[in-house]
Amino acid sequence: MPVISVANPKGGAGKSTTALVLGTTLAAHGATVTMLDCDPNRPIASWARGGSATAMKVLGDVGESAIVSAIDAERAARQFVLVDLEGTASRMVSRAIMRSDLVLIPMQASAVDAAQAARAVSLVQEEEQVVGRSIPFRVLFTRTSPAIPTRNEKMIIDELRGAGIPVLTTHLNERAAYKSMFTYSRSLAELDPALVNGLPAAYDNAERLSEEIIELVSSLNVRAAA
Amino acid sequence: MNTKPSFGFGKLAEIQPSAVEAAPTAAREIDRVAEKLGFLSREVPARRKRRIAVDEPTDQLNLRAAITDINQFVEWCEAERMSYREGFGRLVAKIEKV
């Protein structure tokens, strides 16, 4: 049921990596997942053509005019619908957010990413007013060091918390394995440990992120049902 | 250390597909709000031209012909609502079949 859009108008914030890691991890645990690749470069659609055995279904040819009906059709049949959005401020982004149960806003701990993430937050909040329901969103820090948080990171996290912006506890760390998913067109579980460094740590990070999302979605379901 | 760390995947089965309408579609209003914040349409419809484009270079052919032939050609082009170029092309196509 949950439609999870991954949005940040800034390119390179980690949207496609987040979507791919999350989608393939959920699918590996037996969830039925559809990924709508709405990035004009179609990174996940081309990933899917690379021969991965994942059960995740990838739809790559979804335009602005078809996005709403595509989301509605998939949500009726699949446990998770992930929407990987383009790294630009567009009508497609706003329409996908309108139909979302959760918006993930990935960002690197940089001022440039933060400024663009703030645009996504503003859009979500404006759309909430229009649709007359809450559209939950969470900022997800990407490409962070798994060891020591940088000063920049701490400062930006503090600022977001201070402004009441909800941030996921789990970060998507900087891991070579995530890049290798695109290089070899495979899910984490399919990657060869002889070719890719740090797979167990990446796998653990992906599991924790997926776990947090499942917990979050479950709690949102309960709240919606109440 | 014998216990496996607990991940939250146990709740996965609780999450089921649903056709429930999350909210009434307010696309027009959403588009207006989005536009105000700089989220613009990127699918600008292309202007459809009436003229049929030719996908190869073109040149001119000036010829002196019998007036009756010219008249017949012009009448045929008018009846078929096609340009002289198109009419000439259709005549040439008949040569290829011979």
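Heavy atoms only: backbone and side chains are in, while hydrogens, waters and symmetry mates are out. Just so we're on the same page: letters track the sequence lines, and every chain starts at 1.
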*Of all the heavy-atom pairs spanning A:Gln79 and B:Ala13, show the shortest one and how long it is.*
NE2-CA, 4.4 Å
*Taking every non-hydrogen atom, the tightest pair across B:Ile15 and A:Ser218*: CD1-OG, 4.1 Å
_Heavy-atom closest contact (A:Ser94 atom, B:Asp31 atom, distance)_ = OG-OD1, 4.4 Å
*A:Ala27: what forms a side-chain contact (heavy atoms from CB on, under 4.5 Å) with it, not counting sequence neighbours?*
A:Val33, A:Thr54, A:Met56
*For A:Ser90 and B:Arg42, work out which heavy atoms get closest and say how close.*
CB-CD, 3.7 Å
*Measure across A:Glu126 and B:Leu37 and return the closest heavy-atom pair with its distance rounded to 0.1 Å.*
CG-CD1, 3.6 Å
*Listed by chain and number, what are the side-chain contact (heavy atoms from CB on, under 4.5 Å) partners of A:Ala89, not counting sequence neighbours?*
A:Pro9, A:Arg119, B:Phe39
*Is it the side chain or the backbone of A:Ala31 that comes within 4.5 Å of chain B heavy atoms, both, or neither?*
both
*CD on B:Glu43 to CE on A:Met92, rounded to 0.5 Å*: 6.0 Å
*asked:* Can you confirm whether A:Glu159 is buried at CD, in the sense that more than 12 heavy atoms of other residues, nucleotides or ligands lie under 6.0 Å from that atom?
replied: no
*From A:Leu123 CG over to B:Lys36 NZ, what is the distance, rounded to the nearest 0.5 angstrom?*
10.5 Å
_Nearest non-hydrogen partners of B:Ile30 and A:Glu127, listed with the distance_ = CD1-OE1, 3.5 Å
*Should we count CG of B:Asn71 as having more than 12 external heavy atoms under 6.0 Å?*
yes
*Any chance CD of A:Glu174 has more than 12 other-residue heavy atoms, nucleotides or ligands included, within less than 6.0 Å?*
yes
*Please look at A:Glu86 and chain B and tell me whether the side chain, the backbone, both or neither of the residue comes under 4.5 angstrom of a heavy atom of that chain.*
side chain
